[in-house]
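What follows is a short report on a single structure.
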Amino acid sequence: MTNIPEGKQMEAAIQNSFNEAKKLYEKHGIDVDDVLEQLSRIKISLHCWQGDDVRGFLNKGRELGGGIAVTGSYPGRASTPEQLRDDIDKAFELIPGRHKVNLHAIYADTDERVDLDELAPKHFENWVKWAKQKGYGLDFNPTCFSHEKASDGFTLSHPDAEVRQFWIDHCKASRKIGEYFGRELGQPCVTNIWIPDGYKDAPIDRLSPRVRLMEALDEIFSDPIDEAFNIDAVESKLFGIGSESYVVGSHEFYMGYALSRRKTVCFDSGHFHPTETISNKLSSWLLFGERLLLHVSRPVRWDSDHVVTMDDELLDIARELVRGKLLEKTHIGLDFFDGSINHVAAWVIGTRNTLKALLRAMLEPVDRLKEIELQGDYTSRLALVEEFKSYPFGAIWDYYCRNAGTPVREEWLAEVKRHEREVLCKRSQGEGSVV
Ligand SMILES: C[C@H](O)[C@H](O)[C@@H](O)C(=O)CO
Ligand SMILES: [Mn+2]
């Protein structure tokens with residue numbers, strides 16, 4: 001092959017490896033073309049807040065609150081809506097498929113001085129215009145943190161009715177923005193409510209804040225909304241920094257709330273006990289709930305929001321979705337924020353891993369494994385699952401990336417480095433994006 005240009009050789013190698021890998025999977029009755037078709041229909045919601053270390057554009061310079069934390073000061077984080085959009089575009093160039101962007105309320109793109117309770121669709125018009133142009137969907141979140149009215153750690157369950165009302169109004173406004181996104185873009189927006197409310201030390205009264213939260217949510221959701229455009233989700237948490245002993249919006253609280261009010265539960269993989277996994281919860285929830293929202297994240301010792309890697313839990317989440325045929329009912333979002341590495345690379349790594357894990361799960365002989373299990377042949381079950389771990393899914397992934405017009409393997413890194421040199425490192429220090 002010495003006279004053949006390098007690009008052509010690479011093409012041929014990708015195609016040959018794909019053909020050989022396909023034969024191996026087909027021996028187990030796996031239809032690889034169908035798998036790739038299914039994968040291409042999956043939308044991952046890319047969380048905008050990885051792009052600027054959860055700073056946002058409303059009330060610039062305000063400290064990150066809510067018991068979440070970003071560490072690291074990697075150069076070049078976005079500090080304007082235009083920069084953030086450019087960086088998201090760059091990430092999507094390097095990720096196969098058509099996806100969504102997940103916005104927080106503090107990312108409003110407006111020159112108006114507006115507080116969270118007054119936000120309206122008009123403050124997000126530029127985001128919608130861009131999403132339409134690029135073919136992205138949008139999801140949304142009220143920002144119930146990083147605000148003076150959340151400085152004591154309470155929002156929707158606040159004992160002061162006036163403060164509570166402020167947050168209720170903010171969440172009501174957020175649903176209208178979500179509905180606007182859904183209507184404009186022709187695909188539903190998931191509007192996810194997460195609040196940090198909780199106590200550092202053991203409270204005397206665990207019930208009253210939960211009653212207040214339940215009533216606040218009921219008031220928020222009492223506004224009629226078209227579910228074809230906006231899907232309401234609620235996200236639980238076990239603990240945060242400063243709410244180590246008690247969190248009002250616990251998992252049990254939201255399970256009960258969402259089931260009794262037909263709402264969607266968001267499972268964040270960092271929001272449970274360190275030995276508890278969300279992969280083991282999905283099938284139970286979806287027996288009773290209509291839909292599911294995921295915040296795919298990676299806790300390291302605590303809810304540290306590390307970039308998603310191809311670890312056991314990611315694979316198990318993907319397997320659960322595929323084996324249980326839960327993908328149709330699941331909205332997959334990412335939730336991590338690492339300020340210590342290139343912000344675009346973080347998105348690319350986390351999203352490519354999530355897609356790759358789904359592909360790996362789709363390339364397992366699920367029906368056969370289920371039969372074997374029913375027959376009680378646990379030896380074959382273990383043997384096959386383990387052997388499939390070294391089946392050549394990488395060759396199928398490379399072919400998929402190439403066909404989608406996205407870089408194959410680590411080729412994307414060179415583009416991220418070029419973008420870093422030519423764009424990120426030139427961002428002005430004054431904007432607080434280069435250290
Ligand atoms: C910024 C997000 O809304 C936030 O990370 C939330 O989803 C969460 O997981 C808090 O721990
Ligand atoms: Mn989350």
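Whatever order the structure lists them in is the order used to number ligands and atoms, beginning at 1. Along the sequence shown, residues are numbered consecutively beginning with 1.
- Protein N/O/S atoms nearer than 2.8 Å to the Mn ion (ligand 2) total 4.
- Listed by number with element, the atoms of ligand 1 under 4.0 Å from a non-hydrogen atom of His104 are 1 (C), 2 (C), 3 (O).
- Less than 6.0 angstrom separates the ring centroid of Tyr136 from the ring centroid of Trp130.
- If you look at Tyr180 and Phe124, their ring centroids are not closer than 6.0 Å.
- With salt bridges taken as basic N to acidic carboxylate O contacts below 4.0 Å, one links Glu415 and Lys90.
- In this structure, the protein non-hydrogen atom closest to atom 7 (O) of ligand 1 is Glu235 OE1, 2.8 Å.
- Residues Trp167 and His147 bring their aromatic ring centres within 6.0 Å.
- In this structure, the ring of Phe92 has its center no less than 6.0 angstrom from the ring center of Trp347.
- In terms of polar-atom proximity, Trp49 is not counted as a contact of ligand 1, lacking any N or O under 3.5 Å from an N or O of the ligand.
- Ligand 1 has a nitrogen or oxygen under 3.5 angstrom from a nitrogen or oxygen of His295.
- Under a 4.0 Å criterion applied to the non-hydrogen atoms of Lys237, ligand 1 contributes the atoms 10 (C), 11 (O).
- In this structure, His271 has a heavy atom closer than 4.0 Å to ligand 1.
- Within 6.0 Å of CD on Glu148 lie more than 12 heavy atoms contributed by other residues, nucleotides or ligands.
- Of all atoms in ligand 1, numbered sequentially from 1 with element shown, those under 4.0 Å from a heavy atom of Phe337 are 5 (O).
- Residues passing the side chain to side chain contact (heavy atoms under 4.5 Å, CB included) test with Lys122, sequence neighbours excluded: Glu112, Ala120, Glu125.
- With ligand atoms numbered from 1 in the order given, ligand 1 contributes 10 (C), 11 (O) to contacts under 4.0 Å with heavy atoms of Ile68.
- Residue Asp303 touches ligand 1 through its side chain alone, judged by heavy-atom distances below 4.0 Å.
- Interface atoms of ligand 1 facing Asp268, defined by a heavy-atom separation under 4.0 Å, are 9 (O).
- Taking the six-membered ring for Trp and the full ring otherwise, His251 and Phe272 have centroids separated by under 6.0 Å.
- Under the 6.0 Å cut-off for aromatic ring centres, Phe154 and Tyr199 qualify, their centroids lying closer than that.
- Between Tyr254 and Tyr257, the ring center distance fails the sub-6.0 Å criterion.
- Backbone and side-chain nitrogen or oxygen atoms of Asp335 are examined, and one is located within less than 3.5 angstrom of a nitrogen or oxygen of ligand 1.
- The shortest side-chain heavy-atom distance between Leu217 and Leu156 falls under the 4.5 Å cut-off.
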